[in-house]
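What follows is a set of notes on a single structure, which appears directly below.
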Amino acid sequence: IVSKADRSAFAKFRLGIAPIALETGRYIGLPVEQRVCTFCNMQAVESESHVLLDCPFYADLRDFLFSSLSRHVNNFTLMSREEQISVILGGKLCTRLCAKTCKLVLDRRATV
């Protein structure tokens, strides 16, 4: 059983409506290449994959998620980025953990 808040956050990431620069920039007509992450210095477009796979701002959340997924998904750390994001947002394996991570990401963003 996943809490309503966790389900909501997970759904936002899966549906592409999480409040990240890639999505929010669309509403103000910002070109995609200018929708960069303001939480790190990587100058990368803040997409779902950047937030969940790369951004140093969420490194501790990602480390916990990855170590947990590695115990349940064969070769998770060796997968391509596309395969990893598919496992995380696919909703078939470790849904509770992935949903909780999405919620923690959004919570952290709200406190900054």
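Computed from a prediction, not measured in an experiment: that's the story for all the values here. When reading the values below, keep in mind they use all heavy atoms of this one structure, side chains included, and skip hydrogens, waters and symmetry mates.
For the residue pair Val2 and Arg7, the shortest heavy atom distance occurs at O-NH1, 2.7 Å. Taking every heavy atom of both residues into account, Ser70 and Thr77 meet most closely at OG-CG2, 3.4 Å. Taking every heavy atom of both residues into account, Phe57 and Val112 meet most closely at CZ-CG2, 3.4 Å. Looking at every heavy atom in both residues, Arg14 comes nearest to Leu89 through NE-O, 2.7 Å. In plain terms, the two heavy atoms of Phe76 and Gln84 that are nearest each other are O-NE2, 3.0 Å. Between Glu48 and Gly16, the closest heavy-atom pair is OE2-CA, 3.5 Å.
Considering CD1 of Ile17 and CG of Leu22, their distance stands at 13.0 Å, rounded to 0.5 Å. To the nearest 0.5 Å, the span separating OG on Ser86 from CZ on Arg81 amounts to 13.5 Å. Here the CZ atom belonging to Phe39 is positioned 10.0 Å from the NE2 atom belonging to His50, to the nearest 0.5 angstrom. Atom CD1 of Ile20 and atom OG of Ser47 lie 6.0 Å apart (nearest 0.5 Å). One distance of note links CD1 of Ile85 with SG of Cys98; it measures 9.0 Å at 0.5 Å rounding.
Phe64 has its side chain out of reach of Lys100: every pair of non-hydrogen atoms, C-beta onward, lies at least 4.5 Å apart. Residues Ile88 and Phe13 form no side-chain contact, since every pair of their non-hydrogen atoms from C-beta on lies 4.5 Å or further apart. The closest side-chain heavy-atom distance from Lys12 to Cys102 is not below 4.5 Å.
When atom types are taken as modelled, the side chain of Arg35 and the backbone of Val45 share no donor-acceptor pair closer than 3.5 angstrom. Although no hydrogens or angles enter the test, the distance criterion places no donor-acceptor pair under 3.5 Å between the side chain of Glu46 and the main chain of Cys37. The main-chain N or O of Pro31 is never found under 3.5 Å from a side-chain atom of Gln34 such that the two would form a donor-acceptor pair. In this structure a side-chain-to-backbone donor-acceptor pair under 3.5 Å is present from Arg109 to Pro19. Between the Thr101 side chain and the Leu97 main chain, a donor and an acceptor come within less than 3.5 Å of each other.
A chain of hydrophobic side-chain contacts below 4.5 Å, direct or via other Ile, Leu, Val, Met, Phe, Trp or Tyr residues, connects Leu69 to Val51.
Salt bridge Asp54/Arg62: absent, no basic N to carboxylate O contact under 4.0 Å. Using a 4.0 Å cut-off between charged side-chain N and carboxylate O, Asp60 and Arg108 make a salt bridge.
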Evaluate side chain to side chain contact (heavy atoms under 4.5 Å, CB included) for Val87 paired with Met79, printing each intermediate quantity in order.
-> CA-CA 10 Å; Val87 167; Met79 290 179 172; 3.9 Å; yes
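Around atom CG of Asp63, more than 12 heavy atoms belonging to other residues, nucleotides or ligands sit under 6.0 Å away.
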